[in-house]
Amino acid sequence: MNRTRALIKKITWSIFTILFVIVLNFFLFRVLPGDPARAGIRDPRLKKEAVEMLRVRFGLDKQVINCFESLNPIKVGSCTVNPLDTQFFIYARNLLQGELGISYHTNRPVADVLAERLWNTVLLIGAGQILSIIIGVVFGVFAAWKARTSIDYVAVITSLMAWSLPTFWLAIILLFWGSNNGLPLAGKASPGSSALPLLQQWVDIARHMILPTLTYTIVYMGEYTLIMRSSLMDVLSEDYILTAKAKGLSTFQILKDHALKNAMLPLVTVIAINLGFTVAGAIQIEAVIFLARAGQRDF
Amino acid sequence: MKHRMLYILILAALILSACGGAPSGANGATDEPSVVHVGWAGSPDSLNPGLAILTESYTIFDLVYDSMYNLNLDGSFTLNLADSVDRSDDGLVYTFKIKDGIKWHDGKPLTAEDVSFSYNLYKDTPEYPYLNGYYTPYFSSIESTEKNEVVLTLTEAIPNLESQLVFLYIIPKHIWENENKVEFENTAMIGSGPFKMAEYVQNEFVRLTANKEHFATPPKVDEVIFQTFENQDALVQAIKTGQMDMITEMPNTAVASLKTVENVEVVVGAPFSPGVSDIIFNQTEEENCPTPEEGGICTGHPALRDRNVRLAMSHATDKQKLIDVVLLGLGTPGLTLIPDGLGVWYNDSLKDYEFDVAQANQILDDAGYLDTDGDKIRELPDGSRPLTFRLNWPSDSISAPRTAELLSEMWGEIGITLEMQAVDPDALTSQCCPAFDFDIMLWGWASDPDPSALLYVYTSEAIPTGSSETGYSNPVYDDLYAKQQIELDFEARKAIVWEMQKIVHEDVVYIIPFYEQATQAYRTDRFTGWITNQAKVELPDSSSLVLIEPVK
């Protein structure tokens, strides 16, 4: 009973959150200056009617919402328009139907474009997270168990360095290294590889994944090592660990059965947060670059 | 014990790096077909010729499709799909005799009917604004005859039909007539050109195979792969290590070092689609300001409407220094929006304003712009406002921040200060035109092979539409623009176009700091036959890709 109520509460909240995000995103883009049809205006080859046509095609000729024709610059419009015929409600309705519209940039359905990119992102984040968690936990455990020894210092210094490296800089350095070792520097798979047997296709994709995954792993590994180390050190100073030692348990047993389980909690939290951020972050970055490209003319 | 742990750590690090270092199945090419690997930093935006905007799309169209004319790298045109063309005496009717025996990649014959279908489609589809807005507005009707001829009737006799037709690619009627013209992504891309579309993944690669049966220029290589790179440093690295055989772009900072690499040849010259960087002065007069309905705001500094001020700023601008610092020398000083890359249309008889700070100061002194309050900044003759200008540029521009810094220094010498700010390109567009809510902007254009499009930017007609960035208005110029649009005699038209450049140069409508040069590179140990001795540099042009062959 209690569980059902909690579930309903959670679901209600997430619906509200999603609604909030939808509304905010919609108006954010209307408040920011510039619209895609206007970006086209700067091309002297485009006639006025053509720009108007673009506006109609992307639905930008409609009022943003009742009483407002546009939000930047703020232009008051008619308040008697059928609310279902305003940009906001058309957007909301399409979104509910899973219709994301057509990209201004590529003229392709946005859903297709996102799906293509999402697959790359998931592949990268999946591999990167798994590797960095494994390495981070192993390094963190070593460092904590051997605290204030040379192993600890090496692990801490390496992790701090890895964590604070600017990602783009690390990526460029790895790129130079990779190119000298025959690794592909671009793309997800080799052109023409789709005709190869499945196993070779996977090997090919794996080769393409090495550089981005490595970058990702190094960046996150540092964070995980440091968190693992500090939380494990906290746990290791507890009395029950001393008791376990006094009982004559082996190092491995103490770590595995008594210390690690309790020390994992902060790490799990951070991993969960990171996962959410990285997926959203990657999509956002791609989307932003995307929009910027649709708007720019030269340079 | 301690030491053993350390070893484990080091070992782990080694294993980590070794994972990366073991390429599997990278080599082992024995009897492979000759494949040209081209690296670029872009990707086509669409393969539908009616919708595409980016030059990357046009590069692919040029290889997979044919058009009536080919645009050569020296700027001239040659008839491609037709054996002959006949122009009526009044210049209104063109009859093209289409070559017999041309085949689509799927084996069906290409006939006059496909040509007329394509032109009618481009003309009549409102969703193709880039094509019918500029290339087909003078087309009245297009018909095909039974003798495999295409009859094109114009509404007005125009001098530049070749440049109007060159980007109107011929597409197969038997495929397109069944498709929705706006939604058709055209990824299978059946064409008639020297290369066939084999495989396409947007933002990753385009793989083309040779059409050895092409009627005019069958390629000697077997395949061309265009690979998209996320950044330009990776491109440079890829040609250094031989992963790519040719790259279409690189940062200017890489040119010097790449020139020293063995087996790599760097080519520098005018770009295929010549680019212009411009310093835009808002000189909109109150009477020219677009109406509020059209979006006019017009907040430009009044001093910029005075030619003397713009002239003085011109004299105070050291273009060579801008080229050396911003482009590392890879550019030529600019005059007007018509770049030197346009060949005959570029008025090379114009003399630029000499870089002379003393003269610039003298001009401002004489015009009454004096520093009355001793703060090293001049004021308007009536003393009401200092010569402090807002200077904005698109935040995605790499070169603009440096240009802005240098301009601030140079113009500081003549008592002008700048409030500098990078602005998001979309926001800049809405400040720019037709709002005219700025003082000075740094931006740029890419040019068509015909000068008409960029000449239009200076006209009064372009002010409310948003194409004009300066609000410049000169009835004499407007008349000349209309005249050159319909002047059929080449020499006469050229004279008008040259005269127009003279006028806008004398009126100092813009300061054009430079025309950027294209930088491309190819590996000399892979393929030979690249065309590099022409006015324009464009290695991925079909003219090069059909000629090159593997080095033996």
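Because the structure is predicted, anything quoted here is derived from the model rather than measured. In what follows, chains are A, B, ... by sequence order, proteins preceding strands, each numbered from 1.
B/T459 places a side-chain N or O within donor-acceptor distance of the main-chain N or O of B/Y456, the cut-off being under 3.5 Å. The closest donor-acceptor contact from the side chain of B/Y128 to the backbone of B/V182 lies at 3.5 Å or more, if one exists at all. Between the B/Q202 side chain and the B/P44 main chain, a donor and an acceptor come within less than 3.5 Å of each other.
If you take CZ on B/F226 and OG on B/S43, they are separated by 11.0 Å, rounding to the nearest 0.5 Å. With values rounded to the nearest 0.5 angstrom, B/Y134 atom OH is found 6.0 Å from B/S163 atom OG.
When heavy atoms are compared at a cutoff of 4.5 Å, B/V206 does not approach chain A at all. Of the two parts of B/T228, only the backbone, made up of N, CA, C and O, holds a non-hydrogen atom closer than 4.5 Å to a non-hydrogen atom of chain A. With a 4.5 Å cut-off on non-hydrogen atoms, B/I225 touches chain A through its side chain but not through its backbone. Of the two parts of B/A238, the backbone and the side chain both hold a non-hydrogen atom closer than 4.5 Å to a non-hydrogen atom of chain A. Contacts between B/L47 and chain A at a heavy-atom distance below 4.5 Å are absent for every atom of the residue. In this structure, no portion of B/E223 lies under 4.5 Å from any heavy atom of chain A. Using a 4.5 Å cut-off between heavy atoms, B/F205 touches chain A through its side chain atoms alone. Contact annotation for A/A189: only backbone heavy atoms (N, CA, C, O) come within less than 4.5 Å of a heavy atom of chain B.
Interface check for chain A: of the options B/H37, B/E183, B/R207, the most heavy-atom pairs under 4.5 Å are formed by B/R207. Chain B forms more heavy-atom pairs under 4.5 Å with one residue of A/P191, A/A186, A/P184 than with any other, namely A/P191.
No hydrogens or angles considered: nothing links the side chains of B/N48 and B/E185 as a donor-acceptor pair under 3.5 Å.
Checking each of A/L174, A/L175, A/I210 against A/L183 for a side chain to side chain contact (heavy atoms under 4.5 Å, CB included) leaves exactly one that passes, namely A/I210.
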